[in-house]
Amino acid sequence: MPRLSEYLLPTEREPPADAEALSHRLLVRAGLIRQVGAGLWTWLPAGWRAHQKIVQIIREEMDATGAMEMLMPVLQPAELWQRSGRYGIDELFKLSDRRDAPLVLAMTHEEVITSHAASLIRSYRDLPKVLYHFQIKERDEPRPRAGVLRTREFVMKDAYSFDCDREGLDASYARLARAYDRIFDRCGLEYYSVKADVGAMGGHGSDEYMAPCAAGENDVVLAPGYAANIEVASADPQPVVLPEAPPAPVPEHTPAMTTIDQVARHFNLPAGALLKAFPVMVEDSPGGEPLVLVVLRGDHKVNDIKLRIALGSQFRQASAAEIEARLGPPGSIGPVGAELKILLDEAVVAGGGGYVAGANRPDTHLRGVVPGRDFQFERADIRTVVAGDSIGGVTVRIEPAVEVGNIFKLGVRYSEPLGASYLDQNGSSRPIWMGSYGIGPARIAAAAVEQFADDRGISWPRTISPFDVHLVSLGKQGSAERTLADSLYEQLLSAGLETLYDEREHGAGEKFADAELLGCPLRVTIGRRTINSGEIEVQVRRGQDSRALPLEGAASAIAELWRLAA
RNA sequence: CGGGGCGUGGCGCAGCCUGGCAGCGCGCUCGCUUUGGGAGCGAGAGGUCCCGGGUUCAAAUCCCGGCGCCCCGACCA
């Protein structure tokens, strides 16, 4: 365990000028990481210790499930990616060797592991299996940002499960999901497991592990017993009081009013009493009408992912010309009289009052529009949850969060194109059912910094702190304090505590500031005060509570305090 | 990919508009003092001013081109 005078811990009084995210500023200031280029970071010694603590927790929990650690290369033949259909991904780094053979830098390892499975797994007797590794991932990110949160190169633990069938995959998936909960619990993170979209590459299910914090890039919707990525979340809308509906829709002149805001103001109604019409072109509509009119409340927004699922197809916004041709002038289109499939969001009520909607005529809107009476529709939940919505009567919270883990049921997405199959008990060949399970240790570290930092610096959960104890000696070389600190240092090490010993000849304030910036769970101070009082001061970093311990048996008392720390 | 900003000792910045010895704070080195909250005095070291070209007697500064980095948005398998 290091003496600080011999260690590399380059703390800074000021954060880098361009650093925005708290974790970015603090990890740099505390001397844990340094930048090499955009999205490229070096982990300095103390930072790497924290990173590797996280790695070790993941390793232990993966091993406990029976998973087997291995290692696969980052540099891979392009051919594998061509076969899986992922060679075209923009984020994939592509290169060639001196013989012009095309290669890629892997962003994950489905292709390689599946090609191994194809040749190494032959019989149902070889299944199930779970394999994993910690390896560098390379991604040509459109915009690296926030220090270590979104980088172009990072270590990831990725695991892959192999099963005979869907039921086997479900069981493996459930087992790994439990391991994930244990990993994040042990890392001391606040996190939620949320339902997620499976993404463009398909699959049978996916969960994301989200750690709420200010630097989060994704929004999660939270309510008691409910947690979902906002991309897929559903909730009950805030009700809107609608004006009483006349027997039939009434046209109103609305000159040059083409936005929800303008029309709502004109009618003196809340935006929720309007209907917003969103025409889309469905890509996969063999023989049918490609134009669909999506209708939702004026105060709501279309959720692309939920809409894609509801349509069962990719879609794009209809062009002005396409809208003009089938409906009327963009800006005053609506469902009444539209001879189209109409997909009505569930937040729109049928009855109980009339909405205002576009009339499909220039400068005209209709008031008193009642769904069902005035137009036919199909129902779907296609809007994005907004603040004020509720679930089970409780108002939802919408919080930014960092994705720290993501697990997928891949099914046969990779095993089929890459030929990974096995012979079942009847001797027939079947595709292997796969799952993939990723975790980013760097993101766990950054999320922990974000979640627990205070105005003095980082406050690590003790399980992932670079060191257990930060021992500060205020005495000069040769002083009684220094002699005492030297001996306590040895005792702490003997007690099994990973101890960083600050015996530098610096001012007390500077040493305290450095200790609080680095954020180890306990700071132990030996100074003249210790000699005079016969008591050792221990500060618990989380909350900054200090207490005095008798010199006698101090090391074991500190060890006990450490066990109780967060 | 759209918008904005920035590149000057290790870090944070001024100087640029109006061309004329490259500066400030912190950090670093040496000496003395100090020693429980980023200490004092004194003496020092350290810079291709992002790169290339141009204008000029003279360029950190003006012009042209390039590169890099950050932030917002889009994107994020």
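What's counted below: heavy atoms across the whole structure, side chains too, no hydrogens, waters or symmetry copies. Protein chains get the first letters and strands the later ones, always in sequence-line order, with residue 1 at the start of each. Keep in mind that this is a model prediction, so the values were computed, not measured.
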For the residue pair [X] and [Y], does the interplanar ring angle fall in the parallel (under 30°), tilted (30 to 60°) or perpendicular (over 60°) class?
X      : Y      : answer
A:F467 : A:Y7   : perpendicular
A:Y209 : A:Y191 : tilted
A:Y437 : A:Y173 : tilted

[X] NZ/CZ over [Y] ring centroid, <6.0 Å and within 45° of normal:
X      : Y      : result
A:K129 : A:F162 : no
A:R139 : A:F93  : no
A:R462 : A:W562 : yes

Return the nucleotide paired to [N]: Watson-Crick means purine N1 to pyrimidine N3 with N6-O4 or O6-N4, wobble means G-U with N1-O2 and O6-N3, both under 3.5 Å.
N     : result
B:C11 : B:G25
B:G31 : B:C41
B:C49 : none
B:A59 : none
B:C75 : none
B:G68 : B:C6

Distance between [atom1] atoms of [N] and [M] (Å, rounded):
N     : M     : atom1 : answer
B:G7  : B:A45 : C1'   : 25 Å
B:G31 : B:C24 : C1'   : 25 Å
B:G25 : B:A14 : P     : 15 Å
B:C69 : B:C50 : P     : 16 Å
B:G52 : B:G68 : C1'   : 14 Å
B:G20 : B:G38 : C1'   : 40 Å
B:G12 : B:G19 : C1'   : 27 Å
B:U61 : B:A22 : P     : 13 Å

Subject >> Ion pair check, A:E138 and A:R152, cut-off under 4.0 Å >> reply: no
Look at all strands and tell whether [X] reaches a base, only sugar-phosphate, or nothing, counting heavy atoms closer than 4.0 Å.
X      : value
A:R523 : base
A:G507 : nothing
A:P10  : nothing
A:A515 : nothing
A:S479 : nothing
A:T530 : base
A:G37  : sugar-phosphate

Counting side-chain heavy atoms from C-beta on, which of [options] comes nearest to [X]?
X      : options             : answer
A:E12  : B:A74, B:G10, B:U35 : B:G10
A:R86  : B:A77, B:U35, B:C69 : B:A77
A:R143 : B:A77, B:G37, B:A74 : B:A74
A:Q35  : B:A74, B:C69, B:A77 : B:C69
A:A38  : B:G37, B:C28, B:C69 : B:C69
A:F512 : B:G38, B:G12, B:G37 : B:G37
A:E20  : B:C69, B:G38, B:C71 : B:C71
A:D514 : B:G38, B:G12, B:A74 : B:G38

**OP:** Examine the base of B:G37 for any acceptor or donor lying under 3.5 Å from a partner atom in the side chain of A:E516, and report the outcome as yes or no.
**Re:**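 Answer is yes: a donor-acceptor pair is held.
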Original post:
Is a donor-acceptor pair below 3.5 Å formed from side chain A:R529 to base B:G37, judging by atom type as modelled?
Top reply: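 Counting by modelled atom types and ignoring angles, no donor-acceptor contact under 3.5 Å is found here.
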Original post:
When you match A:N406 and A:R456 each to their closest nucleotide on RNA chain B, which lands nearer the 5' end?
Top reply: A:R456
Original post:
Mapping A:W41 and A:D304 onto RNA chain B by nearest heavy atom, which one lands closer to the 5' end?
Top reply: A:W41
Atom pair distance, as rounded to whole Å: [atom1] in [X] and [atom2] in [N]:
X      : N     : atom1 : atom2 : answer
A:E505 : B:G40 : CD    : P     : 18 Å
A:Q539 : B:G37 : CD    : P     : 14 Å
A:E141 : B:C76 : CD    : P     : 10 Å
A:E403 : B:C76 : CD    : C1'   : 9 Å
A:K511 : B:U34 : NZ    : P     : 17 Å
A:R150 : B:C69 : CZ    : C1'   : 18 Å
A:R152 : B:G68 : CZ    : C1'   : 11 Å
A:D219 : B:C75 : CG    : C1'   : 16 Å

Subject >> A:M62 side, atom CE; A:L131 side, atom CG - distance, nearest 0.5 Å >> reply: 9.5 Å
Original post:
Is there side-chain contact between A:D207 and A:Y180, with heavy atoms separated by less than 4.5 Å?
Top reply: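 The answer is no, as the side chains (C-beta and beyond) never meet within the 4.5 Å cut-off.
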